[in-house]
Amino acid sequence: MNETLTQLKDRFEQALVAAFGDELAGTDPILVPASNSKFGDYQSNVAMSLAKKLGKPPRAIAEQIIQQLDVADFCHPPVVAGAGFINLALKTSYLEAQLHAIHTDPRLGVARSQHPQRVIVDYPSPNIAKEVHVGLLRPSVIGDCLARILEFLGHDVIRLSHIGDWGTPFGMLIAYLREAYPEALKESNDIDLGDLSSFYKAARKRFDADEAFQERARLAVVQLQAGDEETIQAWKIVCDLSNRTNRKIYDWMGLSPEIQERGESFYNPLLLGVIEELDRLGLLVKDSGAKCVFLDGFTNKEGKPLPLIVQKSDGGYNYATTDLAAIRYRTEVDQAQRVIYPVGAEQTNHFAQIFQVGRRAGWITDEVEFFYAPLGSILGEDGKKLKSRSGEAVRLIDLLNEAIAHARNDLETRLKEEGRQETEAFIANVANVVGIGAIKYADLSQNRTSSYIFNYDKMLALQGNTAPYMLYAYVRVQGISRKGEINFAELGTDAAIVLQDEAEFTLAKHLLQLDEILSAVEIDLLPNRLCEYLFELSKKFNQFYDRLPILQAEEPQRTSRLILADLTARTIELGLSLLGISVLERM
RNA sequence: GCUCCAGUAGCUCAGUCGGAUAGAGCAAUUGCCUUCUAAGCAAUUGGUCGCAGGUUCGAGUCCUGCCUGGGGCGCCA
C-alpha cells in the first residue's frame, strides 16, 4: 500500500499547513505502520517532534492536526493517543477494495519503480581454477535474490560475475593440460567435467613436486600474457571446463541463467589505461618499486599512510587494479546508476579503499551509487568459519547434496508415519526443492551482515522461520483447490471480498503490505525483511486456516475466503520466487 | 598499534527514520485431529538489550569512554 501511504502523507502535509501555516510545508509527517495492531494500521509521530518548535504540548498539536485532517475516504476518524500519537485505522470498505484490486493484478499490487535505474549486481567471483566451495553460497544466493527483486521492481539489472580467469594459477593448469591431455588441444575433446577438482589437485601435485614443471607453468603464464595462440586455446579449454561445472551447480541451485561472465581476462587489456589515468591525475606514487595510490584515512601498523598497490614491483597487476578497471568500465561504458557488491564482510577495507580511489579518479560520481553489501560468514557448530572434517573448504556441491539427503530422510519418515505411498519421482522432487530451498532460505532469512551457524536440522525444521514452513502454507492452499475442485483463476474478477472475522482482517492487511516491504528491500538491500514478511504471512494464513472453514463456509464468505487463500498462495509463490525458491503443489 | 563488525530470553536470531508494554523460532510445560495436509493452531514459562556516562519529550536504536569476541591492516584474491 505504498500508494495509500503516499496519499496519507499528502493529507498530513496539507493538514499541517492548514493548522500551523506555510512554514510547516514539507514537514515529514513521520507516518509509519502502527507499532501494535490495537492502535490501528498507521500512526503519525509528528506531533511530538513539533512540540519544541511550536511551543505547545504534543497532544494539543495532534488535536489541531486531526481537526484539519481529511482522510475519511481511507480511514475511520483519527484518534490521538498516548504522548501525542495520531492513530489511523483503515476502513473495511477501503481494505476490501484494495484486495479486490490486487486480486486481479498479476503483480499483486506491486508497482514498477517510477525511476528505473541501470543496476549492476556483482555475482560471486569463483576462481575458475578451483571447484566452487561454500564461500560462494552467500554471495550467490543473496546477489541472485537482490537482482531478482530489483528486476521485478522494473530496474534494468545486469548480472556480472567477476570470475578469476587469469593469472598465475592458469600457468599450472595449462602446463598440466598440455602434459596430461595433449589430445584436448588437437580436437574439441570432452574432458570429464565432474573431475574438475581432481584435475586441479593433480596439477597442484605436479606443480609442488617438480621444478621443471613449475618452470613450464611460469612459461605458460608468460605465453598467456603474450597472447600465444596455442596457450590461449589451452586457457579456453580450462575455463570452459570450469564454467560448465559451475554452471551446472548454478542451475541446480536455481541461480539466474542470465549471469554474464566478465572476469579478470576481460579487464586485462584495460589495466594499463587505469594506471596511466591514475598517473595523469597525479594520484600515482612509486614506493619500494610498486605503483601505489596513498589512501586518506588508512594507516599501516607504523601509523604511516597506507598505499593501495595497483601495480606490483614486478610489473604485474593485482585485484585492486582489476576492481578499479571494473569500476571505471561500469560507470563509463555500462552507464550504471547503481552497482551492488554482495561480498564477505572481511573485504570492507578493500571496498572502502577502491571506492575512495575510484572517487578521487572521478570514476565514481554523485550520479552513481556504489553499494558494498557486506556479508557475514557461514560458521560451523564451533562458531568458527565452516570447514570440512579434514579442515578444507566445504564443497558447495556436498553441502547441497547433504541438505537434499536430510530433506529426503525427513519426508520418508513422515510418509511412513502417515502410511502414505508416493512415487520415487515425487520423493526426489520434494527432497530437492525442500533441500535447496531450505539452504537458500536459511541464508536469506538472516540479516545479511551477521554471521550465522550452519545447521541442517534447523534450516529443514518444519516449524519456525524456514522454507518448509512457507512451502507448507502454500501446499495447504493447493490442497483446498484440489479438495473443492476450485480453479482459483476462475473465481471471477467481480467476486466480492468480505472481511468479518479478526483472522480475515489480519491476513488481508498483511497481504496488502507486500509492496511496502519490497520498497524497503529495494533501498537497504536486506532480503531478510522479505523473509520475515513471508513468515508472518504464513503464520497469519495458518491461523486463518485453523480458525475459519473455507470450503464449508456460506456464501459470500466462501468465495471471499477462497480469494484470500489464493492471494496468500500467490504472494508466497511470488515472494519465494524473488528469493530464488520454488514452490510445491504437494509435499 | 590502527581500523571495521558484533554483544538483545537457556540456544539461534529479528528489531524499520529514535516512538507507546523489546519480538520470533527452538527448547520446556499444557491443551486441540469424525472437519480443507496436525510439517499445523492455541496457551504458559523465560529480559539489568555487554558496562558506565551523555543527547532527547522519548534510546536496544544516536554520541563518548570502557569490557569481551571476531575480521582486516604493503606487492594473494
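Quick note on labels: first sequence line is chain A, next is B, and so on, each numbered from 1. Every heavy atom of this structure was used, including side-chain atoms; hydrogens, water molecules and symmetry mates were not.
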Given A/H510, which partner from the list A/F544, A/Y533, A/F541 fulfils the ring-ring contact (aromatic ring centres under 6.0 Å, His included) test? A/Y533

First encountered from the 5' end of RNA chain B, between A/L306 and A/D410: A/D410

Where each residue is assigned the nucleotide of RNA chain B containing its nearest heavy atom, which of A/Y545 and A/N542 is assigned the position nearer the 5′ end? A/Y545

Base, sugar-phosphate, or nothing: which does [X] touch, judged by heavy atoms less than 4.0 Å apart?
{"X": "A/S313", "value": "base"}
{"X": "A/G303", "value": "nothing"}
{"X": "A/R529", "value": "sugar-phosphate"}
{"X": "A/L548", "value": "base"}
{"X": "A/D314", "value": "nothing"}
{"X": "A/S450", "value": "sugar-phosphate"}
{"X": "A/N87", "value": "base"}
{"X": "A/K291", "value": "nothing"}
{"X": "A/K384", "value": "nothing"}
{"X": "A/Q311", "value": "nothing"}
{"X": "A/E264", "value": "sugar-phosphate"}
{"X": "A/Q446", "value": "sugar-phosphate"}
{"X": "A/N318", "value": "sugar-phosphate"}
{"X": "A/K301", "value": "base"}

Could you give me the CA-CA distance, side-chain angles and deciding distance for A/F266 and A/H162, then say whether ring pair (Phe, Tyr, Trp, His ring centres under 6.0 Å) is met? CA-CA 9 Å; A/F266 176 88; A/H162 191 104; 9.4 Å; no

Distance between the [atom1] atoms of [N] and [M], in whole angstroms?
{"N": "B/A59", "M": "B/C49", "atom1": "P", "result": "13 Å"}
{"N": "B/G18", "M": "B/C62", "atom1": "C1'", "result": "8 Å"}
{"N": "B/A20", "M": "B/C26", "atom1": "C1'", "result": "29 Å"}

Report the nucleotide, chosen from [options], that has the shortest atom-to-atom distance to any side-chain atom of [X].
{"X": "A/K539", "options": "B/G15, B/G25, B/G19", "answer": "B/G25"}
{"X": "A/N528", "options": "B/C17, B/U37, B/G15", "answer": "B/G15"}
{"X": "A/I453", "options": "B/C41, B/C17, B/U12", "answer": "B/U12"}
{"X": "A/I550", "options": "B/C36, B/U37, B/A77", "answer": "B/C36"}
{"X": "A/S35", "options": "B/C36, B/A20, B/C17", "answer": "B/A20"}
{"X": "A/K458", "options": "B/G40, B/C11, B/A77", "answer": "B/C11"}
{"X": "A/K483", "options": "B/C36, B/G25, B/G74", "answer": "B/C36"}
{"X": "A/M48", "options": "B/G40, B/C17, B/G19", "answer": "B/G19"}
{"X": "A/I480", "options": "B/A20, B/C36, B/C41", "answer": "B/C36"}
{"X": "A/N45", "options": "B/C76, B/G19, B/A14", "answer": "B/G19"}

Distance-only, no hydrogens or angles: does the A/S377 side chain make a donor-acceptor pair with backbone N or O of A/K385 under 3.5 Å? no

Is there a ring pair (Phe, Tyr, Trp, His ring centres under 6.0 Å) between A/F355 and A/Y341 once you walk through the steps? CA-CA 12 Å; A/F355 288 171; A/Y341 296 84; 5.6 Å; yes

In short, A/L534 meets A/G575 closest at the heavy-atom pair CD1-C, 3.7 Å

Criterion side-chain contact (heavy atoms from CB on, under 4.5 Å) against A/V46, the qualifying member of A/I61, A/T27, A/D28: A/T27

With a centroid cutoff of 5.5 Å and a plane-angle limit of 30°, would you call A/F85 stacked on B/A20? yes

G-U wobble or Watson-Crick pairing nucleotide for B/G18 (cut-off 3.5 Å, both distances): none

Between A/Y452 and B/G25, is there a side-chain N or O to OP1/OP2 distance below 4.0 Å? no

Tell me if the side-chain of A/Q43 makes a donor-acceptor pair with the base of B/A20, cut-off 3.5 Å, by modelled atom types. yes

A/Y469 and A/F535 aromatic ring geometry - parallel, tilted or perpendicular at 30°/60° bounds: perpendicular

